[in-house]
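Here is the structure we will look at.
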Amino acid sequence: MPRRTGFAHLPLHPGRAPAWLFGRMTRLAREITAHVVAERGADEMLRRLADPFWFQAFGCVLGFDWHSSGVTTTVTGALKEGLKGLEHELGFYAQGGKGLTSRKTPSEIVRRCEELSLDPAPLVYASRMAAKVDSAAVQDGSQLYHHTFFFTRAGHWSVVQQGMSDQTGTARRYHWLSESLHSFVNEPHEAICSDTRVRALNLVAAEHDALRRASVELAAGPPDRVVDLVRRHREAADPFRLPFDTGASPTAMSLEMPARHALMLKDVDPRHLHTVLLATYDRAPENFETLLGLPGVGARTLRALALVSEVIWGTPASTRDPARFAFAHGGKDGTPFPVDRATYDQTIDVLHHAMARAHVDRSEKVDALKRLSQFAKATDPRPAI
């Protein structure tokens, strides 16, 4: 039975992905989806999209804003565009979208089901009920304006949709998954993502020149030193608080994203901090370069591939602090740094060629990517807290 897997609250920010970025997002979304489906099947991709933490990490590696409302509409749009021509091969389909396009979802489902000789009625009903519940039954002040419906040949589905509140300046994203929904009206969601407000740290302000110099010195040092400093900082701030404990029930996940643009220490789990430090990848074994077919590859590309590989092959726990995945390629608005186009293109090429290889050779490439995703974790000498 289906269920609504949860929510996400996000700050409303204006702006859209420029064409040069959206084209790359489309290609990378296609490659990531192809690898997930090849490795674990189309239903697994539905589960990933129903997880608000994974979805946010997905948006981060695609290079959009790490936290804003636009990640929902832009990421689902890039995925829908990227699937064109591959839907039947993958057995994975995307319908709907933003604004007027969302209202075409039922007719799009019917047309697609006619191609597949599937009964569209259950899918159309699920689409309409999910939208009705989140637009009418959930009185949270958010007006639904985006609805994307994903499904497989087996008739399983997931929904990613979003409403916004002009009064609070936030958007609320809703996630649904068919395989675990028992009722459309009794705790149907899978997850929640919310907006929280704290003071931002402006590292480009003149008064923070000393801090900038210290940050550069720290970043150039051993990763262990940085990780240890962050651990002690968090423990001193609140020694009794376990990091990234959302307090949500195991059946309904909740993700809260801040209104600020700046990434802060609290946004990255110190257990995973070393995975975003370039110094970590300066020590990567040379055989990664050979296995990935990238002689002379730099630390930036290895970091991007490691983070993208975690999104594809990692466990749900590895995406519980999605902000760190913004360090794969950067972000549209320059946070944590401007999108690194060269590294982005290399990531797409590596994933594409790994998928295009013959089965045996592809297995070796994929195994190398999996090991790379584990390499950074293995470099942390401290026990998890």
Side-chain angles (χ1 to χ4, degrees), residues 1-8 26 29-52 54-55 58-59 72-135 144-162 173-185 188-191 253 312 316:
M1 293 293 291
R3 74 181 171 110
R4 186 168 53 182
T5 52
F7 311 83
T26 296
R30 178 175 60 238
E31 298 301 335
I32 288 175
T33 302
H35 278 280
V36 170
V37 173
E39 185 80 10
R40 298 180 181 176
D43 283 346
E44 177 62 20
M45 192 62 191
L46 294 179
R47 297 183 192 104
R48 302 289 184 91
L49 292 170
D51 180 337
W54 186 90
F55 186 94
F58 185 39
T72 306
T73 57
T74 307
V75 168
T76 54
L79 178 54
K80 183 179 179 182
E81 184 69 21
L83 289 173
K84 288 182 177 178
L86 283 179
E87 302 100 321
H88 296 307
E89 179 180 341
L90 298 177
F92 187 79
Y93 307 90
Q95 321 299 149
K98 180 181 178 181
L100 292 176
T101 303
S102 67
R103 300 180 183 179
K104 301 176 183 177
T105 308
S107 61
E108 289 185 0
I109 293 173
V110 169
R111 285 197 299 272
R112 185 67 73 185
C113 286
E114 289 174 349
E115 297 174 8
L116 300 170
S117 298
L118 291 178
D119 179 8
L123 299 178
V124 170
Y125 176 79
S127 171
R128 285 176 169 161
M129 284 300 296
K132 184 173 291 187
V133 167
D134 288 335
S135 62
L144 209 64
Y145 68 96
H146 172 87
H147 174 87
T148 307
F149 189 87
F150 301 94
F151 70 96
T152 66
R153 288 196 193 98
H156 303 150
W157 54 267
S158 69
V159 168
V160 177
Q161 56 190 6
Q162 186 161 286
R173 188 173 69 231
Y174 310 87
H175 295 257
W176 296 73
L177 182 64
S178 64
E179 70 178 20
S180 55
L181 182 70
H182 299 287
S183 168
F184 277 101
V185 296
H189 287 108
E190 186 81 5
M253 293 177 285
I312 298 173

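All values below come from the heavy atoms of this structure, side chains included, with hydrogens, waters and symmetry mates left out.
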Discussion item. Using modelled atom types and a 3.5 Å cut-off, is there a donor and acceptor pairing between side-chain atoms of His175 and backbone atoms of Leu49?
Written reply: yes
Worksheet item: Which heavy atom in Leu123 sits nearest to a heavy atom in Cys113, and how many Å separate them?
Response: CD1-SG, 3.7 Å
Item to complete: Check whether more than 12 heavy atoms from other residues, nucleotides or ligands sit under 6.0 Å from atom CZ of Arg103, and answer yes or no.
Response: no
Discussion item. If I compare all heavy atoms of Gly91 with all of Ala42, which pair ends up nearest, and what's the gap?
Written reply: O-CB, 3.8 Å
Discussion item. Looking at Thr72, is its backbone amide N or carbonyl O close enough to the side chain of Gln162 to form a donor-acceptor pair, meaning the two atoms are under 3.5 Å apart?
Written reply: no
Worksheet item: Does Arg112 reach the main-chain N or O of Pro120 with its side chain, forming a donor-acceptor pair under 3.5 Å?
Response: no
Worksheet, complete the sentence: The reported gap from OG1 in Thr105 to NE2 in His147 (rounded to nearest 0.5 angstrom) is 4.5 Å
Discussion item. As an exercise, state the distance from CG of Leu177 to CZ of Phe150, rounded to the nearest 0.5 Å.
Written reply: 12.5 Å
Worksheet item: Rounded to the nearest 0.5 Å, what separation is found between the CG atom of Asp51 and the OG atom of Ser158?
Response: 11.0 Å
Worksheet item: Looking only at atom types and distance, does a side-chain atom of Thr33 sit under 3.5 Å from a main-chain N or O of Ala29, one as donor and one as acceptor?
Response: yes
Worksheet item: How long is the gap from OH on Tyr93 to CG on Leu116, to the nearest 0.5 Å?
Response: 4.0 Å
Worksheet item: Phe149 vs Phe151 aromatic rings, parallel, tilted or perpendicular, using cut-offs 30° and 60°?
Response: tilted
Item to complete: Hey, could you give me the CD1/CD distance between Ile312 and Glu39, rounded to the nearest 0.5 Å?
Response: 9.5 Å
Fill in: Closest heavy-atom pair and its distance - Ala50, Pro52
O-CD, 3.5 Å
Worksheet entry | Side chains of Glu81 and Thr26, donor plus acceptor under 3.5 Å | no
Item to complete: Check the pair Leu86 / Arg30 against side chain to side chain contact (heavy atoms under 4.5 Å, CB included), numbers first and verdict last.
Response: CA-CA 9 Å; Leu86 283 179; Arg30 178 175 60 238; 3.2 Å; yes
Discussion item. Closer than 3.5 angstrom, by distance alone: can the side chain of Glu87 be matched with the main-chain N or O of Gly85 as a donor-acceptor pair?
Written reply: yes
Worksheet entry | For the student: nearest non-hydrogen atoms of Ile109 and Ser127, plus distance | CD1-CB, 3.9 Å
Worksheet item: So, the side chain of Glu108 versus the backbone of Gly96: is there a donor-acceptor pair under 3.5 Å, distance only?
Response: yes
Worksheet entry | Distance, nearest 0.5 Å, that separates CZ of Arg48 from CZ of Phe58 | 10.5 Å
Practice prompt. Start with the C-alpha distance between Leu46 and Phe92, add both sets of side-chain angles, then the distance that settles side chain to side chain contact (heavy atoms under 4.5 Å, CB included), and finish with yes or no.
Written response: CA-CA 9 Å; Leu46 294 179; Phe92 187 79; 3.5 Å; yes
Worksheet item: Going through the checks in order, is the side chain to side chain contact (heavy atoms under 4.5 Å, CB included) test met by His146 and Thr76?
Response: CA-CA 10 Å; His146 172 87; Thr76 54; 3.1 Å; yes
Practice prompt. May I ask you to test the Arg47-Glu179 pair for a side-chain heavy-atom distance under 4.5 Å?
Written response: yes
Practice prompt. Test side chain to side chain contact (heavy atoms under 4.5 Å, CB included) on Tyr174 and Leu144 and set out the steps.
Written response: CA-CA 10 Å; Tyr174 310 87; Leu144 209 64; 4.0 Å; yes
